[in-house]
Amino acid sequence: MLFLFRKSGPSVARMVKFLGITKAQATELKDLMNQGRVYRTLDHADTILAGHGPARLPTTDGSADVYYVNLGDTYAATLMFDFEKQRFLVGSWGDLVEAQPRRFAD
């Protein structure tokens with residue numbers, strides 16, 4: 001399934017600062033975000049960040065999951081897409097779960 005969205009994500013500067021990538025790499029990711037390509041953006045971010053593949057963070061009701069680049073550390077800054085908010089985020093999925101415990105509690 002191809003999922004497209006049209007909302008702005010993190011800035012190039014924010015990705016450089018928090019993901020530790022080059023400006024050129026961040027610009028590539030931003031271009032994919034601007035095209036509205038969720039899964040393609042996460043796949044490319046996985047390559048850039050040398051991750052372990054995109055992963056799914058299920059929500060309690062399963063209606064609006066979060067997908068993120070798995071870096072093997074719950075609190076490592078990564079690129080995520082939140083289907084509830086319809087936008088890309090930079091941060092750790094562990095912090096996201098702690099900030100919204102009802103949304104992610106089992």
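- For F18 against V90, the heavy-atom pair with the smallest separation is CB-CG1, 3.7 Å.
- Atom CE in M15 sits 10.5 Å away from atom CD in E28 (nearest 0.5 Å).
- Residues F104 and V66 form a side-chain contact, since some pair of their non-hydrogen atoms from C-beta on lies under 4.5 Å apart.
- Taking each heavy atom of V16 and A26 in turn, the nearest pair found is CG2-CB, 3.8 Å.
- Taking CG from D43 and CZ from R37, the interatomic distance works out to 12.5 Å, rounded to the nearest 0.5 Å.
- Using a 4.5 Å heavy-atom cutoff, the side chains of I21 and L29 are in contact.
- The distance from the CH2 atom of W93 to the CZ atom of R56 is 12.5 Å, given to the nearest 0.5 Å.
- The backbone N or O of G53 sits nowhere less than 3.5 Å from a side-chain atom of N70 that would complete a donor-acceptor pair.
- Note that CZ of R87 is 9.5 Å distant from CE of M80, once rounded to the nearest 0.5 Å.
- Considering only heavy atoms from C-beta on, Q25 stays 4.5 Å or farther from L19 through its side chain.
- Of all heavy-atom pairs spanning P10 and L79, the tightest one is CG-CD1, 4.2 Å.
- At least one side-chain heavy atom of L42 sits less than 4.5 Å from a side-chain heavy atom of F88.
- Summarising the geometry, atom CG belonging to D46 is positioned 8.5 Å from atom OG1 belonging to T78; distances are rounded to the nearest 0.5 Å.
- With hydrophobic clusters built from ILVMFWY side chains whose heavy atoms lie under 4.5 angstrom apart, L96 does not share a cluster with Y75.
- The two residues A77 and L71 come nearest to each other via the heavy atoms O-CD1, 3.2 Å.
- How far CG of L49 is from NE2 of H44: 10.0 Å, rounded to the nearest 0.5 Å.
- Residue R103 forms a side-chain hydrogen bond (donor to acceptor under 3.5 Å, both in side chains) with just one option from T59, D61, T60, D82, and that option is D82.
- Taking the six-membered ring for Trp, Y67 and F83 have ring centres closer than 6.0 Å.
- Hydrophobic clustering keeps V12 apart from F81 (ILVMFWY residues linked when any side-chain heavy atoms are closer than 4.5 Å, directly or through intermediates).
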